[in-house]
2 protein chains.
Amino acid sequence: MPQDFRCDCPFTSALDILGDKWMLVIVKQMLVEGKETFKDFTESEEAIATNILSTKLKLLEEVGIIIKTKRPGNKKTNLYLLTDMGLALTPILVELASWSDSHLRGLNPSIVDGEAMESMRRDKAAFASALEQNYRAKLASMVYE
Amino acid sequence: MPQDFRCDCPFTSALDILGDKWMLVIVKQMLVEGKETFKDFTESEEAIATNILSTKLKLLEEVGIIIKTKRPGNKKTNLYLLTDMGLALTPILVELASWSDSHLRGLNPSIVDGEAMESMRRDKAAFASALEQNYRAKLASMVYE
DNA sequence: TGTTTTTACTTGCAATTTGAAAGTTAAAGT
DNA sequence: ACTTTAACTTTCAAATTGCAAGTAAAAACA
């Protein structure tokens, strides 16, 4: 069901999957904000509509960027977790944030600028690596809860 | 006219501008394929419709990613060129292509894999830098033609 | 110089996507 | 049992995308 690809270009093919307003925002919410459940996503600052959220979560799962699972002993709440394929999007997200930091403040003066942004500016690769490690640590800890 | 921003998040703000099927594809065509004119873009492999192309070029210009100019002595053909803000998108494009290379071949087996891809795999930063330098060299040479 | 071609669009309209709001179902909590 | 919560689905309006055709001005050609 992942839609067709426009051509054989690696840039364009990535955008065939990720090129919309929501796919990478959902990944960011998982990676950076620790969101896991349908409810978590609906409560985000970006205010995604539930029908869109449902559609995009399905697509992310079909592509292999996330997996849908449940906490043991809970039959109600779905957990959405990043796969390796999803975690591999971290450098893209960091480059997007870095570009915003350098070039979008004129258009959107409200863009945040705290400790995290400073650390990103200091060392992008380390920042991306820390985000990924942090998420992997959380995944590892979940197994034993 | 650049549309509103959803919130103060730097990731999301970048996607408010770049998060669609065409904005980064057009930038890629300029940076990687050397496309400059309206005609060039319409002849691309991705086959963008002329009304969409027109709209997106306008938006890219309003945001400051490209500038619209003309060759001296030619009143007909518009030239679209990347600004510094636009060239700063290079690392994002390279990360997108790199992700496709590693994770999208299963879904799109037709993704190309030539000398350029190998050089990208060898050193992403150098690859991005070379793309950017190459484009800047072209810009510099244009002034004297 | 007049005609044709090229370039860069715009317009009209259908199809798809997005989005707000309300409704549904099953599990959990009380 | 009754209420609440989580995760959707449905409906329908609005916005966006995309194809096809048309237009206007510059440039090339005869």
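Chain letters run A, B, ... following the sequence lines, proteins first and then strands; every chain starts at 1.
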Taking the side chain of [X] as its heavy atoms from C-beta onward, which of [options] lies nearest to it?
X     : options               : result
A:K56 : D:dT10, C:dT18, D:dC8 : C:dT18
A:D20 : C:dA28, D:dA7, C:dT18 : C:dT18
B:K76 : C:dT6, C:dA8, D:dG18  : C:dT6
A:K75 : D:dA7, D:dT17, C:dA27 : C:dA27
A:A49 : D:dA6, C:dA20, C:dT18 : C:dA20
A:K39 : D:dT17, C:dT18, D:dA7 : D:dA7

[N] phosphate, OP1 or OP2, under 4.0 Å from [X] side-chain N/O:
X     : N      : result
A:K58 : D:dT9  : yes
A:S54 : D:dC8  : no
B:N78 : C:dT7  : no
B:W22 : D:dG18 : yes

inquiry  = Taking B:R6 first and then A:E45, would you say they form a salt bridge - that is, a charged N and a carboxylate O separated by under 4.0 Å?
reply    = no
ask   = Salt-bridged, A:E118 to A:R122, with N to O below 4.0 Å?
value = yes
inquiry  = Closest-nucleotide mapping onto DNA chain C: is B:N51 or B:E43 further toward the 5' terminus? I mean the 5' end.
reply    = B:E43
request  = For A:G73 and for A:I48, locate the closest nucleotide of DNA chain C by heavy-atom distance; then report the residue assigned to the nucleotide nearer the 5' terminus.
outcome  = A:I48
query = Has the side chain of B:R121 got a donor or acceptor atom that lies under 3.5 Å from a matching backbone atom of B:D101?
reply = no
Rounded off to whole Å, could you give me the [atom1]-to-[atom2] distance for the [X] and [N] pair?
X     : N      : atom1 : atom2 : value
B:D16 : D:dA15 : CG    : C1'   : 16 Å
A:D40 : D:dA7  : CG    : P     : 8 Å
B:L79 : C:dT6  : CG    : P     : 19 Å
A:L15 : D:dT17 : CG    : C1'   : 16 Å
B:L57 : C:dT10 : CG    : P     : 11 Å
A:F41 : D:dC8  : CZ    : C1'   : 14 Å
A:I52 : D:dA15 : CD1   : P     : 14 Å
B:L53 : C:dA8  : CG    : C1'   : 9 Å

Would you classify [X] as touching base, sugar-phosphate or nothing, given that sugar-phosphate means primed atoms plus P, OP1 and OP2, and contacts are heavy atoms under 4.0 Å?
X     : value
B:T50 : base
A:N74 : sugar-phosphate
A:K68 : sugar-phosphate
A:T37 : sugar-phosphate

query = Is there side-chain contact between B:L15 and A:W22, with at least one heavy-atom pair below 4.5 Å?
reply = no
query = Is it true that the side chains of A:D40 and A:T37 contain a donor and an acceptor less than 3.5 Å apart?
reply = yes
query = Which of these passes side-chain contact (heavy atoms from CB on, under 4.5 Å) with B:I92: B:V94, B:L89, B:T90?
reply = B:L89
